[in-house]
There are 2 protein chains.
Amino acid sequence: MSVDADTFFSVLSHPMRLRSLVLIQQTDELCVCELTYVLDLAQPVISRHLAQLKHAGLLLSRRQGLWIYYRVNAELPEWVKQLIEVTTSGVASTSPYMDDLAKLKSMSDRPNQNCC
Amino acid sequence: MSVDADTFFSVLSHPMRLRSLVLIQQTDELCVCELTYVLDLAQPVISRHLAQLKHAGLLLSRRQGLWIYYRVNAELPEWVKQLIEVTTSGVASTSPYMDDLAKLKSMSDRPNQNCC
DNA sequence: ACTCAATATTCAAAAAATGATATATAGCAA
DNA sequence: TTGCTATATATCATTTTTTGAATATTGAGT
């Protein structure tokens with residue numbers, strides 16, 4: 001993977017991208033509609049942020065029917081994976097990350113159960 | 001310290017700020033003239049980047065005569081210190097970080113020895 | 001084939017970050 | 001005080017990033 005530190009930090013320099021990454025790291029996999037719901041952003045905005053995270057090499061995606069699921073790339077360099085882990089556990093109990101996770105869990109009609 | 005993850009990542013999203021932080025972490029303390037030399041930037045540019053790192057809580061500074069030395073804030077939250085350490089060791093053997101350190105070591109007339 | 005739902009992409013406008021230049025401050029030394 | 005050096009700050013033009021809105025794509029169902 002072509003993840004240099006430069007790219008890593010600049011792609012995470014946007015609050016919503018950071019929140020997205022943390023949330024995905026905490027849940028293994030999320031689809032666009034779940035992030036749209038939790039972060040309360042317009043769909044094209046989320047899509048573009050996810051595309052940036054993917055282009056930077058941090059996320060991978062898979063399609064399942066109409067949904068596209070994003071997950072953290074498991075083949076990142078060790079130090080990058082560590083940064084993601086340390087960040088996630090560092091912020092887990094703080095706002096807005098804590099609330100994001102709570103909001104996700106309270107979301108009804110999540111896909112995998114049924115639909116978006 | 002008021003270092004939230006948001007601030008942390010956005011203040012490090014500029015290549016020169018990241019290089020500065022890594023170099024300072026590797027050397028304990030550096031003055032502005034040393035960074036200006038190594039990074040080959042105009043003095044006001046370096047000063048502003050350092051001010052941003054300081055304002056974000058990552059760096060502290062002390063004056064010694066005409067020079068101002070910057071160092072990593074030792075009282076950062078544990079997870080932030082870990083991020084800095086992991087990043088520094090993650091990039092230490094890569095470019096341009098490796099070369100920056102080499103260039104610093106080859107710098108003559110460093111202060112503390114004599115002057116800038 | 002047609003339609004709908006989820007996601008992606010394009011493009012112009014708005015907002016934010018950056019750098020050049022000039023100027024200010026602070027300490028030292030004569 | 002004056003002058004010099006290291007660093008900081010202010011202003012403005014430029015570049016980069018981000019967003020809103022419209023449109024395109026892709027797959028599922030009929």
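Computed from a predicted structure; not experimentally measured. Convention: sequence-line order gives letters A, B, ...; per-chain numbering from 1.
- If you take CG of A/Leu30 and P of C/dT7, they are 11 Å apart, rounded to a whole angstrom.
- For B/Thr88, there are no side chain to side chain donor-acceptor pair (under 3.5 Å) partners, not counting sequence neighbours.
- In this model, the phosphate group of D/dT19 is approached by a side-chain N or O of A/His14 to a distance below 4.0 Å at OP1 or OP2.
- Nearest-nucleotide mapping onto DNA chain D: of A/Met16 and B/Leu50, the residue sitting toward the 5' end is B/Leu50.
- At the phosphate of C/dG19, OP1 or OP2 sits under 4.0 Å from a side-chain N or O atom of B/His49.
- For the pair A/Arg48 CZ and D/dA22 P, the interatomic distance rounds to 14 Å; values are reported in whole Å.
- When rounded to the nearest whole Å, the span between CD of B/Gln52 and C1' of D/dA10 equals 14 Å.
- Note: A/Glu85 CD to B/Gln82 CD = 10.5 Å, rounded to the nearest 0.5 Å.
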In B/S/- notation (B base, S sugar-phosphate only, - none; protein heavy atoms under 4.0 Å), nucleotides 22-30 of chain C written 5' to 3' is B---SBS--
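- The interatomic distance linking B/Tyr69 (OH) with D/dA8 (P) rounds to 13 Å, in whole Å.
- In this structure, B/Asp40 atom CG and C/dA20 atom P are separated by 11 Å, rounded to whole Å.
- The distance between atom CZ of B/Arg17 and atom C1' of C/dT18, rounded to the nearest whole Å, is 9 Å.
- Spacing between atom CG of A/Leu39 and atom P of D/dT18 amounts to 15 Å, rounded to whole angstrom units.
- Listed nucleotides: D/dT7, C/dT18, C/dT9. Nearest to the side chain of A/Ser47: C/dT9.
- Using modelled atom types, no side-chain atom of B/Thr7 and backbone atom of B/Val3 make a donor-acceptor pair closer than 3.5 Å.
- A donor-acceptor contact shorter than 3.5 Å is absent between the side chain of B/Ser47 and the backbone of B/Pro44.
- Side-chain contact check for A/Leu101 versus A/Val22: every heavy-atom pair is 4.5 Å or farther apart.
- Side-chain proximity of B/Val45 to C/dA20, D/dT7, D/dT19: nearest is C/dA20.
- Applying the 4.0 Å criterion to OP1 and OP2 of D/dA6, one finds that B/Tyr70 has every side-chain N and O outside that range.
- For the pair B/Leu41 CG and D/dA8 P, the interatomic distance rounds to 14 Å; values are reported in whole Å.
- Atom-to-atom distance recorded for B/Lys103:NZ and B/Glu34:CD is 13.0 Å, nearest 0.5 angstrom.
- Formation of a donor-acceptor pair under 3.5 Å by the A/Arg63 side chain with backbone atoms of A/Gly65 is found in this model.
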